[in-house]
2 protein chains.
Amino acid sequence: MKKATIKDIAKAAGVSIATVSYILNDVKTQSISDETRVKVLKAAQQLKYVTNRTAQSLKVKKTGLIGILCFKGKDGHVWSDLKYARTIHAIERHCSELGYHVLFMQIDDLGPSSKIIMERNLDGVFLMNVDQERFTTISHYFGFGVPVFVVDSYIEDPLFHKIVPDFVRGFQTARSLLGEAPQFLVMDSYNNAELAEFIKRQSGLDEERIHVCDSIEGLNEFLSAYAGRPGIVLNEFLALEAAKTHNRLAVLCTSYCPEIVPQGMAKVAFDLNDYKEIVRMMDRNIQDADEVSREKFYCLSVIT
Amino acid sequence: MKKATIKDIAKAAGVSIATVSYILNDVKTQSISDETRVKVLKAAQQLKYVTNRTAQSLKVKKTGLIGILCFKGKDGHVWSDLKYARTIHAIERHCSELGYHVLFMQIDDLGPSSKIIMERNLDGVFLMNVDQERFTTISHYFGFGVPVFVVDSYIEDPLFHKIVPDFVRGFQTARSLLGEAPQFLVMDSYNNAELAEFIKRQSGLDEERIHVCDSIEGLNEFLSAYAGRPGIVLNEFLALEAAKTHNRLAVLCTSYCPEIVPQGMAKVAFDLNDYKEIVRMMDRNIQDADEVSREKFYCLSVIT
DNA sequence: TTGAAAGCGCTAACAC
DNA sequence: GTGTTAGCGCTTTCAA
């Protein structure tokens, strides 16, 4: 009980394999008589034919495979796991719509594992949570012409597209929802130092009013200094914790799960549906390899 | 600037492509002189050669690709997103160790999308959160001989391996941690009805003492009937909610993030590292296709 | 110890 | 409108 190939179909329908290929791929430049078309399609169905994408990929030099490479931080925090889970879901959903399949891989400092890009001939890559140094070490392994979209990082390299939540509008919105000037900021730590700096700047607060939170412990100590004061919190889980002692808070939902923010707390959510456009863009980059792929920023828009 | 092939290496080293293949794959049945081995390896390095797994797969009829197919429920709840995120991470990590790559796909009722298994010639598949009916419709698309491991489902089909947390020992442990008989159970909903029934049975509680929670709303109403009483809660997020009104609770950490359970609350965690053994088993199934692949249950063990 | 060559399943240029 | 065929990059049998 082996899988049927186009050869089997050809034999069954009494035509050549080329004809079968033309019909199955609906090749526009070929005219095919209705008679043979029907004959072939029927045979294909009977034999339960399904394309062998491995063989196809080898021939056409496009695999239809998109990679999602995710740097594993020291310890997967609930909030970052959730953030990336939802991001991955969004990417997968939209890739699927365009006929791509998605390879998922967690990578660490060891560059070599990222040679998956070349081994598997990925058509495009999303790179998540990477810092500048690691990026430099792994960029060797990038095939040329493979579009790379960097998520949650601010990589200094005009070759790559960058995707981040719209922090500028996010902070604006948070401030206006808060209705008063925030006096502190609590944020989760980012693998990418440049992005972390950018966020801090956008908050408009001095360094000493900002707490970068790597675990819940230090948080309460910091918060106690701001009892009763208004502030902004990055990510829903830290907000949950902060809510125990504070009530004048605005949350930026950087874990993409606004639904867990308690009723009544001011929240700013970002739109993961924007990945639809982003994936489309990647697709365009894949189609015309020579599309002017200038540095480009994508900001996930604030949901209002 | 094209990618180097073994042909390029052969030319550079002045040997045949067969020889190159032997050396790169370290074929045991071939003896190779040290001289040529060095020559070839050096050329490979210089040309930055990396195996074309697409071509290799076509030839050897093994892709080294494991699929994770995840049914999307109606609404991704935080808890199930997190549960599956962590499961996927565990699977990917252990697959990686054995040299496999992982394809991730969310699927819905439409069977056709699951023909990815045949299209991509997946070596093995993890199927998550599938119910009995859907399973039946998609099982047509399963290639024969492809090992399928079903996660969080209790599918009536001896052909497939099943993976669930060890609910039996989980409940035992919860009861003993609680130190008194639980009087109610709160649990999240499962796509797979059979599994849900199994869980209810294991709790040892009557149907009316069990609340299946699909959203936070109904929960508080149910809980108010059990004020001050001891109970068991399935999944950390529901526990967080229940903790607001109850303090004699034991939690089964079915979202695999025990770290968010408040201090002092009794919790039972399951060991995702067990996926190491599970993936090894899948690997064995892949190696000898004719390994007696009898129905098998894997229970993620309770962490003590 | 090495190499020639067949062929995995498919596409596409070209011939008929 | 249909068929022949070369070849994508690799593995592996068989011969040298």
| task | Taking only Lys NZ, Arg NE, NH1 and NH2, and the carboxylate oxygens of Asp or Glu, determine whether D152(A) and K83(A) approach each other closer than 4.0 Å. | result | yes
| Salt bridge between D274(A) and K276(A), side-chain N to carboxylate O under 4.0 Å? | no
| said: Using a 4.0 Å heavy-atom cut-off, does S33(A) contact any base of the nucleic acid, only the sugar-phosphate backbone, or nothing at all? | reply: sugar-phosphate
| message | By the 4.0 Å heavy-atom rule, please label I32(A) as base, sugar-phosphate, or nothing. | response |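 Since only primed, P, OP1 and OP2 atoms lie under 4.0 Å of I32(A), the category is sugar-phosphate.
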[atom1] of [X] versus [atom2] of [N]: gap in Å, rounded?
| X | N | atom1 | atom2 | result |
| --- | --- | --- | --- | --- |
| N52(B) | dG7(D) | CG | P | 18 Å |
| I23(A) | dG1(D) | CD1 | P | 11 Å |
| I6(A) | dG3(D) | CD1 | C1' | 13 Å |
| K39(A) | dG1(D) | NZ | C1' | 11 Å |
| L58(A) | dA6(D) | CG | C1' | 13 Å |
| M118(A) | dC10(D) | CE | P | 12 Å |

Please answer whether the main-chain N or O of [Y] pairs with a side-chain N or O of [X] as donor and acceptor at a distance below 3.5 Å.
| X | Y | value |
| --- | --- | --- |
| D123(B) | G64(B) | yes |
| S80(B) | G76(B) | no |
| R86(B) | D81(A) | no |
| D157(B) | F160(B) | no |

If you restrict it to nitrogen or oxygen atoms, what contacts under 3.5 Å exist between nucleotides 12-14 of chain D and the protein, and what is each distance?
residue	atom	partner	partner atom	Å
dT13(D)	O4	Y22(B)	OH	2.7

| message | For the residue pair D283(B) / Q287(B), report whether a side-chain donor-acceptor contact shorter than 3.5 Å exists. | response |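 Side-chain D/A pair, Q287(B) to D283(B): present.
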| request: Go through the side-chain N and O atoms of K3(B) and N121(A) and say whether any donor and acceptor fall under 3.5 Å apart. | output: yes
| A55(A) or T36(B), whichever maps to the more 5' nucleotide of DNA chain C | T36(B)
| request: With a 4.0 angstrom cut-off to heavy atoms of chain A, pull out the first and last contacting nucleotide of DNA chain C, in 5'-to-3' order. | output: dG9(C) to dC14(C)
| task | Starting from the first five and the last five pairs of the helix from dT1(C)-dA16(D) to dC16(C)-dG1(D), work out the angle between the resulting helix axes, to 10 degrees. | result |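 For the helix from dT1(C)-dA16(D) to dC16(C)-dG1(D), the axes at opposite ends meet at about 40°.
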| message | Heavy-atom count check: over 12 atoms from other residues, nucleotides or ligands less than 6.0 Å from K11(A) NZ? | response | no
| query | Between T5(B) and dG9(D), is there a side-chain N or O to OP1/OP2 distance below 4.0 Å? | reply |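 No.
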| Less than 6.0 Å separating the ring centroids of Y154(B) and F297(B)? | yes
| Below 4.5 Å, heavy atoms only, C-beta onward: do L272(B) and H89(B) meet side chain to side chain? | no
